[in-house]
A.B. asks: 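Questions regarding the structure given below will be posed in turn.
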Amino acid sequence: MLTQLFTYLKFEQQLLEQLISYAEQQQKALVQIDIETVLKTAEMQEEALKSLRNAENQRIKMMMNWLKVSRTSAMQIKMSDLEKHFHGEELVEISALKDYMMILTEKLKKINMDNRILSNRARRTFAEFLEVFREEKKHVCNVTV
């Protein structure tokens, strides 16, 4: 049972790392105003999120069976709660995994927040740019629009 739990948690860790990679790619694309890459990375992120949800559901089902708890209870179990069920080398592994997952989660939150700011700024800039061309009798490069 413990091997399965570690397998699910490691897979979730890999998916978080993948999401971070996609978010970093998206950030570069936002800075370079590469809309095609932004859209492509958004699709890849959606697929990775779907895989992460599936892995999480499988882990929750496994924990329900292992700990004989309801789905709601299994969903509320934190990694620090799981540490109580481990000893020795397994405890060291689960603690290290918990710490690394926290670091990954915080990094993903930060990148996503930065990306949200970049995308909002790009949207506003583009809207302002279009407004310049919509206004009547504006001169742009010595040409009346």
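Just so we're clear, the structure is a prediction, and the values are computed from it rather than from any experiment.
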A.B. asks: Just checking Met102: does its CE atom have more than 12 heavy atoms from other residues, nucleotides or ligands closer to it than 6.0 angstrom?
C.D. replies: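 Count not over threshold, so no.
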A.B. asks: Is there side-chain contact between Lys107 and Glu24, with heavy atoms separated by less than 4.5 Å?
C.D. replies: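 Contact flag for Lys107/Glu24 side chains = yes.
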A.B. asks: Any chance you could measure Met101, atom CE, to Leu9, atom CG, to the nearest 0.5 Å?
C.D. replies: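 Reported to 0.5 Å precision, the distance equals 6.0 Å.
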A.B. asks: CD1 of Ile60 to OG of Ser73: how many Å apart, nearest 0.5 Å?
C.D. replies: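 With rounding to 0.5 Å, CD1 (Ile60) is 11.5 Å from OG (Ser73).
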A.B. asks: To the closest 0.5 Å, what do you measure between CE (Met62) and CG (Asn57)?
C.D. replies: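 With rounding to 0.5 Å, CE (Met62) is 12.5 Å from CG (Asn57).
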A.B. asks: State which residues pass side-chain contact (heavy atoms from CB on, under 4.5 Å) with Lys78; sequence neighbours excluded, sorted by chain then number.
C.D. replies: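 Lys78: side-chain contact (heavy atoms from CB on, under 4.5 Å) contacts with Ser80, Asp81.
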A.B. asks: Can you measure from CD1 (Ile94) to NZ (Lys84) and round to the nearest 0.5 angstrom?
C.D. replies: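 It comes to 13.5 Å.
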A.B. asks: Indicate every side-chain donor-acceptor pair of residues 109-130 with a distance under 3.5 Å to a residue at least two apart or in another chain.
C.D. replies:
| unit_1 | atom_1 | unit_2 | atom_2 | d |
| --- | --- | --- | --- | --- |
| Lys110 | NZ | Asp114 | OD2 | 2.8 |
| Asn112 | ND2 | Leu108 | O | 3.4 |
| Asn115 | OD1 | Gln27 | NE2 | 3.3 |
| Asn115 | ND2 | Ala23 | O | 3.0 |
| Ser119 | OG | Asn115 | O | 3.2 |
| Ser119 | OG | Arg116 | O | 3.0 |
| Asn120 | OD1 | Arg123 | NH2 | 2.9 |
| Asn120 | ND2 | Arg116 | O | 3.3 |
| Thr125 | OG1 | Arg121 | O | 2.9 |

A.B. asks: Not counting sequence neighbours, which residues clear side-chain contact (heavy atoms from CB on, under 4.5 Å) with Lys28? List them please.
C.D. replies: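 Not a single residue meets the side-chain contact (heavy atoms from CB on, under 4.5 Å) criterion with Lys28.
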A.B. asks: Mind checking what makes salt bridge (Lys or Arg N to Asp or Glu O under 4.0 Å) contact with Lys61, not counting sequence neighbours?
C.D. replies: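 Here no residue qualifies.
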A.B. asks: Quick one: ring-ring contact (aromatic ring centres under 6.0 Å, His included) partners of Phe86, sequence neighbours excluded?
C.D. replies: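 Counting only residues at least two positions away or on another chain, Phe86 forms a ring-ring contact (aromatic ring centres under 6.0 Å, His included) with Phe6.
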A.B. asks: What about Leu5 and Met75, same hydrophobic cluster or not, with Ile/Leu/Val/Met/Phe/Trp/Tyr joined at side-chain heavy-atom distances under 4.5 Å?
C.D. replies: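 Cluster IDs for Leu5 and Met75 differ.
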A.B. asks: Identify, with sequence neighbours excluded, every residue that meets side-chain contact (heavy atoms from CB on, under 4.5 Å) alongside Lys50.
C.D. replies: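 Applying side-chain contact (heavy atoms from CB on, under 4.5 Å) to Lys50 gives Glu47, Arg53, Asn54.
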A.B. asks: Can you name the residues that form a side chain to side chain donor-acceptor pair (under 3.5 Å) with Thr72, not counting sequence neighbours?
C.D. replies: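 Testing Thr72 for side chain to side chain donor-acceptor pair (under 3.5 Å), a comparison that skips the adjacent residues, returns none.
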A.B. asks: Should the heavy atoms of other residues, nucleotides or ligands under 6.0 Å from CG of Leu91 be counted, would the total exceed 12?
C.D. replies: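 Yes - once you tally the heavy atoms of other residues, nucleotides and ligands closer than 6.0 Å, there are more than 12.
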A.B. asks: Ile103: which other cluster members, linking ILVMFWY side chains closer than 4.5 Å, directly or transitively?
C.D. replies: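 None; Ile103 is a cluster of one.
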A.B. asks: When Thr37 is tested against each of Ile33, Ile35, Asp34 for side chain to side chain contact (heavy atoms under 4.5 Å, CB included), which residue passes?
C.D. replies: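 Only match with Thr37 under side chain to side chain contact (heavy atoms under 4.5 Å, CB included): Asp34.
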A.B. asks: Nearest 0.5 angstrom please: Leu82 CG to Met63 CE, how far?
C.D. replies: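 It is 5.0 Å, given to the nearest 0.5 Å.
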A.B. asks: Taking atom CH2 of Trp66 and atom NE2 of His85, what is their separation to the nearest 0.5 Å?
C.D. replies: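 Here the interatomic distance stands at 5.5 Å.
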A.B. asks: Can you list the residues that meet the side-chain contact (heavy atoms from CB on, under 4.5 Å) rule with Ser21, with sequence neighbours excluded?
C.D. replies: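 Ser21: side-chain contact (heavy atoms from CB on, under 4.5 Å) contacts with Gln25.
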A.B. asks: Determine all donor-acceptor pairs shorter than 3.5 Å in which one atom belongs to a side chain in residues 12-19; sequence neighbours excluded.
C.D. replies:
| unit_1 | atom_1 | unit_2 | atom_2 | d |
| --- | --- | --- | --- | --- |
| Glu12 | OE1 | Arg59 | NE | 3.4 |
| Glu12 | OE1 | Arg59 | NH2 | 3.3 |
| Glu12 | OE2 | Arg59 | NE | 2.6 |
| Gln13 | NE2 | Glu17 | OE2 | 3.4 |
| Glu17 | OE2 | Tyr100 | OH | 2.8 |
| Gln18 | NE2 | Tyr22 | OH | 3.2 |

A.B. asks: In this structure, would Met44 and Leu30 fall into the same cluster of hydrophobic residues linked by side-chain contacts under 4.5 Å?
C.D. replies: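 No; tracing contacts between hydrophobic side chains, which count when under 4.5 Å, never links both residues.
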A.B. asks: Should Glu93 and Lys10 count as an ion pair when the cut-off is N to O under 4.0 Å?
C.D. replies: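 A salt bridge is absent here (no side-chain N lies under 4.0 Å from a carboxylate O).
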A.B. asks: Tell me, please, which residues at least two apart from Thr7 pass side chain to side chain donor-acceptor pair (under 3.5 Å).
C.D. replies: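 Partners of Thr7 under the side chain to side chain donor-acceptor pair (under 3.5 Å) test: none.
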A.B. asks: Honestly curious: do Met79 and Val69 fall in one hydrophobic cluster under the side-chain, below-4.5 Å linking rule?
C.D. replies: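 Yes; Val69 is reachable from Met79 via cluster members.
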A.B. asks: Report yes or no: do Ile77 and Phe11 belong to one cluster of Ile/Leu/Val/Met/Phe/Trp/Tyr joined by side chain heavy-atom distances under 4.5 Å?
C.D. replies: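 Same cluster: Ile77 reaches Phe11 through Ile, Leu, Val, Met, Phe, Trp or Tyr contacts under 4.5 Å.
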A.B. asks: Does NZ in Lys40 sit with more than 12 non-hydrogen atoms of other residues, nucleotides or ligands closer than 6.0 Å?
C.D. replies: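 At most 12 heavy atoms, drawn from other residues, nucleotides or ligands, come within 6.0 Å of this atom.
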